[in-house]
Amino acid sequence: MMSDIFNIFVRSVFIDNMVFAYFLGMCSYLAVSKNVKTAFGLGLAVCFVLTVTVPVNYLIDKYLLREGALTWVSARFAGTDLSFLSLIIFIAVIAGIVQLLEMVFERYLPVLYMTLGIFLPLIAVNCAILGGSLFMQERNFPTVAHSLAYAVGSGIGWLLAITAFAAIRERLKYAKIPPKLQGNGIAYIITGLLGMGFMAFLGM
Amino acid sequence: MKKYLGPLSKDNPILVQTLGVCSALAVTAQLKPAVVMALSVTVVCACSNFFISLMRNTIPPRIRIIVQLLVVSFFVILVDLLLQSYLYDESKMLSVFVGLIITNCIIMGRLEAFALSHKPLSSLMDGMMNGLGYGLVLVVVAFFRELLGSGTLWNHQVVPDSWYTAGYLNNGLMILPPMALILIGTIIWISRGTVKR
């Protein structure tokens, strides 16, 4: 059980990395990677929101949406399958939690709010977050601890990816790039190369 | 008419505005799922643009994001169910990426930038054209990845057997995810060199 959880964690950081293997959250990854400090801030925020939303959505999926999930209410619901609602419920939960976190941070953790606050509204529509919940649903984790490990792992993987990328981009200012390739063009190619680097972990 | 054609070339959502890259690239290893994905995004983008534009005067600005998310997820669920019932294999292949259309920034971007301030019919056109501009890039990337990576197009073999016996090999790298990014980078490079703005 423990080794399972550890496996899921390592897998989701390196092998199934959100950015390099599934291209999730690419928009903010490309937009907010001009310098390492902001990139790290956004990475932390994504990591945090994933850690909160995935287990919550896991519980909702397990006890409300899945086929036969409602049997704990009454045996009559054994055949009810609400999973077609999962998209809309997941996105509503994510938007709600992000809003809630923003308010809690603003009230009780002003320092954290200063660093993460500006990114939080951005995150509600970041595909890495919804993607985390959808992959969690697809992979059928047996317990909530597994889904938590998956969430933390994916978050750290995303943080790692964006920080590395931002560091490379800072260096890139001093490189000579063909003028038409500057900006986005080279950014994609670098991400591709980083992705190839990460594929070396496949053998683990 | 001309103003709607921008998204296909000089205002292309992926190449120029960098929107909607998120879920796009994972579906381009083969041509067929890429076309299905492109059409789904076009339909969702056009319909939600149209409906948001119809409601644009009644939505309170403070909660517009939530309203937009709900409208978009309504259409995505519709598309998802349609795909599951008529194109089951493709829908299995696209898996979570159909759901991820909800958070595709092209759609939210067009709703915010266009539908909230324009009439329904022109919003419909705008949504459709942006969806198609996105689809165009998707299909081009998928074309090269499938042709060079598996030697097939639309699941039909196009590289003749005689080539294989003569020692031709498929480029396995093309099927792997990083290649999609590198191809997009190259397409951006080419389009910046050729498309006038």
Side-chain angles (χ1 to χ4, degrees), chain A residues 17-31 84-92 94-96 99 121 123-139 177-199 202, chain B residues 13-28 63 65-66 68-70 72-81 84 95-109 112 173 176-195:
Chain A
N17 188 290
M18 283 257 181
V19 176
F20 299 131
Y22 298 108
F23 314 107
L24 294 181
M26 283 294 285
C27 310
S28 30
Y29 170 88
L30 287 167
F84 67 93
L85 283 176
S86 54
L87 278 180
I88 209 159
I89 302 241
F90 284 175
I91 193 77
I94 289 168
Q99 191 78 56
I123 278 176
V125 287
N126 185 329
C127 11
I129 310 290
L130 183 64
S133 288
L134 291 176
F135 274 119
M136 169 277 294
Q137 190 187 30
E138 199 188 65
R139 283 180 200 178
I177 304 162
K180 303 282 182 195
L181 194 61
Q182 271 166 18
N184 275 330
I186 195 75
Y188 282 105
I189 292 181
I190 289 175
T191 312
L193 293 177
L194 272 173
M196 281 187 201
F198 263 68
M199 283 174 64
L202 268 177
Chain B
I14 294 188
L15 301 182
V16 181
Q17 310 173 38
T18 350
L19 294 176
V21 199
C22 322
S23 54
L25 298 174
V27 300
T28 51
I63 58 160
I65 302 270
I66 296 276
Q68 288 165 5
L69 275 179
L70 287 179
V72 176
S73 36
F74 170 75
F75 284 109
V76 170
I77 290 177
L78 220 62
V79 166
D80 191 22
L81 292 179
Q84 275 177 26
S95 70
V96 304
F97 291 99
V98 177
L100 284 174
I101 297 178
I102 297 179
T103 49
N104 191 320
C105 351
I106 292 177
I107 294 171
M108 292 298 279
E112 281 282 295
L173 191 61
L176 299 173
M179 235 13 228
L181 290 163
I182 293 176
L183 272 179
I184 292 251
T186 321
I187 293 176
I188 292 180
W189 192 7
I190 295 170
S191 79
R192 280 221 189 137
T194 52
V195 177

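None of the values given here were measured: they were computed from a predicted structure. In what follows, chains carry the letters A, B, and so on, assigned in the order in which the sequence lines appear, proteins first and then strands, with residues in each chain numbered from 1.
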Original post:
Pick one: which of B/L70, B/V72, B/I102 meets side-chain contact (heavy atoms from CB on, under 4.5 Å) with A/I91?
Top reply: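 Exactly one option meets the side-chain contact (heavy atoms from CB on, under 4.5 Å) with A/I91, and it is B/I102.
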**OP:** Just jot down the salt bridge (Lys or Arg N to Asp or Glu O under 4.0 Å) partners of B/E112, sequence neighbours excluded, or say none.
**Re:**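 With sequence neighbours excluded, B/E112 shows a salt bridge (Lys or Arg N to Asp or Glu O under 4.0 Å) to B/R64, given in chain and number order.
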To the nearest 0.5 Å, how far apart are [atom1] in [X] and [atom2] in [Y]?
| X | Y | atom1 | atom2 | answer |
| --- | --- | --- | --- | --- |
| B/T186 | A/Y188 | OG1 | OH | 12.0 Å |
| A/M196 | B/L173 | CE | CG | 4.5 Å |
| B/S73 | A/L87 | OG | CG | 7.5 Å |
| B/L176 | A/F20 | CG | CZ | 15.0 Å |
| B/L69 | A/I88 | CG | CD1 | 9.5 Å |
| A/I129 | B/T103 | CD1 | OG1 | 10.0 Å |

**OP:** List the atom of A/F23, the atom of B/P177, and the distance in Å for their closest heavy-atom pair.
**Re:** CZ-O, 3.3 Å
**OP:** Provide the closest heavy-atom pair for B/P178 versus A/G192 in the form atom of the first, atom of the second, distance.
**Re:**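 Scanning both residues, the minimum pair turns out to be CB-O, 3.2 Å.
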**OP:** Using non-hydrogen atoms and a 4.5 Å limit, figure out which bit of A/L181 sits close to chain B: side chain, backbone, both or neither.
**Re:**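 Both parts, heavy atoms under 4.5 Å.
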**OP:** Would you mind checking which part of A/A95 comes under 4.5 Å of any heavy atom in chain B, side chain (CB onward), backbone (N, CA, C, O), both or neither?
**Re:** side chain
**OP:** Could you tell me which residues satisfy side chain to side chain contact (heavy atoms under 4.5 Å, CB included) with B/L81, sequence neighbours excluded, listed by chain and number?
**Re:**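 Per chain and number, B/L81 pairs via side chain to side chain contact (heavy atoms under 4.5 Å, CB included) with A/F84, B/I77, B/Q84.
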Original post:
Does the side chain of A/L193 come within less than 4.5 Å of B/I182's, by heavy atoms?
Top reply: yes
**OP:** Measure distances from B/I187 to the heavy atoms of chain A and classify the residue's part below 4.5 Å as side chain, backbone, both or neither.
**Re:**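 Neither the backbone nor the side chain of B/I187 comes within 4.5 Å of chain A.
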Original post:
Relative to chain A, which segment of B/L183 carries a heavy atom at a distance below 4.5 Å: side chain, backbone, both, or neither?
Top reply: neither
Original post:
Should the pair B/F97 and A/Y22 be assigned to parallel (<30°), tilted (30 to 60°) or perpendicular (>60°) ring geometry?
Top reply: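 Taking A/Y22 first and then B/F97, their aromatic rings sit tilted (interplane angle of 30° to 60°).
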